[in-house]
Amino acid sequence: MNHKISIIVPVYNVEKYLRQCLDSVVNQTYQDWEAILVDDGSSDGSPAICDEYAQKDGRFRVVHQANAGVSSARNVGLNNAHGEWITFLDADDMLKNNALEYYADHVNENIDMVMAGYVNLDGESNVIFEPQIHEDVLLNKEQALTMMYKPMWFPYQGYLWNKCYRKSLIDAHHLRFDERIFFNEDRLFVTQYLCSILKEVLYTSSVVYEYCK
């Protein structure tokens with residue numbers, strides 16, 4: 001079944017990394033996506049790069065705004081997203097080529113969220129962290145919250161970007177990022193989302209995301 005996925009990308013002075021980030025979206029094996037690029041008042045070449053990709057591929061949409069912070073940029077992305085599912089991508093990171101295909105293949109009427117795996121890359125694109133054990137588990141709300149917070153071999157933490165969220169739940173509960181806080185704002189959003197779910201969470205170590213240090 002086809003599921004349109006919205007990718008929200010806050011952009012602020014990331015000219016050096018932005019092309020490889022956006023290329024990782026273009027190169028997805030799954031094609032039914034839109035990417036909302038929110039330029040948060042960048043003063044480098046990032047706005048022009050965003051516009052360039054949007055001119056080449058209509059699935060990219062760009063919003064330019066005065067600098068208001070990453071939470072504001074993500075909220076603008078949510079306000080402009082039309083997909084059935086939402087994922088987030090930081091402009092200095094990359095999606096694995098099959099990331100959206102993995103999400104689309106694993107979301108269904110019984111799943112409200114996918115928590116997926118990631119790798120950490122250093123400045124030379126060397127892997128400095130990756131999952132050592134493969135795991136696929138279905139969790140309920142309480143188990144998912146516990147799994148996110150407890151220390152474990154594979155630290156999901158409150159990371160925003162290795163997860164796929166149901167848009168209708170975000171809208172039904174009016175979930176947005178708190179623009180007043182600048183630390184753990186992502187964990188707060190994820191926790192509020194998990195408290196809102198009615199169905200299961202797919203917890204997997206399958207890698208969908210490349211986090212660049």
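Computed over heavy atoms, backbone and side chain alike; hydrogens, waters and symmetry mates excluded. Given the structure is predicted, the values throughout are model-derived calculations rather than measurements.
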Q. Glu135 and Tyr203: which non-hydrogen atoms are nearest, and at how many Å?
A. OE1-CE2, 3.2 Å

**Q.** Smallest separation among heavy atoms of Asp92 and Gln20, with atom names
**A.** O-NE2, 4.5 Å

Could you work out, with ring-ring contact (aromatic ring centres under 6.0 Å, His included) as the rule, every residue matching [X], not counting sequence neighbours?
X	answer
Tyr211	Trp161
Tyr103	none
His64	none

Can you list everything that forms a side chain to side chain donor-acceptor pair (under 3.5 Å) with [X]? Sequence neighbours excluded, please.
X	result
Glu34	Ser6, Arg61
Asp186	none
Lys167	Asp171
Glu15	none

Q: Could you list the residues that satisfy side-chain contact (heavy atoms from CB on, under 4.5 Å) with Ala54, not counting sequence neighbours?
A: Phe60, Val62

Q: Compute whether any side-chain donor of one residue and acceptor of the other, for Ser42 and Asp39, lie under 3.5 angstrom apart.
A: yes

Q. Regarding Gln28 and Asn97, is there a side-chain donor-to-acceptor distance under 3.5 Å anywhere?
A. no

Report the residues that fulfil salt bridge (Lys or Arg N to Asp or Glu O under 4.0 Å) with [X], sequence neighbours left out, ordered by chain and then residue number.
X	value
Asp23	none
Lys16	none
Asp112	Arg166
Glu52	Arg19, Lys56

Q) Same hydrophobic cluster for Leu160 and Leu175, using side-chain heavy-atom links shorter than 4.5 Å among ILVMFWY? A) yes

Q.
Would a single hydrophobic cluster contain both Leu78 and Leu188, if residues Ile, Leu, Val, Met, Phe, Trp and Tyr are joined by side-chain heavy-atom contacts under 4.5 Å?
A. no

**Q.** Candidates Arg180, Arg176, Arg74 - the one meeting salt bridge (charged side-chain N to carboxylate O under 4.0 Å, His left out) with Glu185
**A.** Arg74

Q) So, the side chain of Ser24 versus the backbone of Leu95: is there a donor-acceptor pair under 3.5 Å, distance only? A) yes

Q: For Tyr209 and Phe88, run ring-ring contact (aromatic ring centres under 6.0 Å, His included): C-alpha distance rounded to whole Å, both residues' side-chain angles, the deciding distance at 0.1 Å, then the answer.
A: CA-CA 10 Å; Tyr209 197 92; Phe88 294 89; over 10 Å; no

Q. Got a second to check how far Met115's CE is from Ser206's OG, nearest 0.5 Å?
A. 15.0 Å

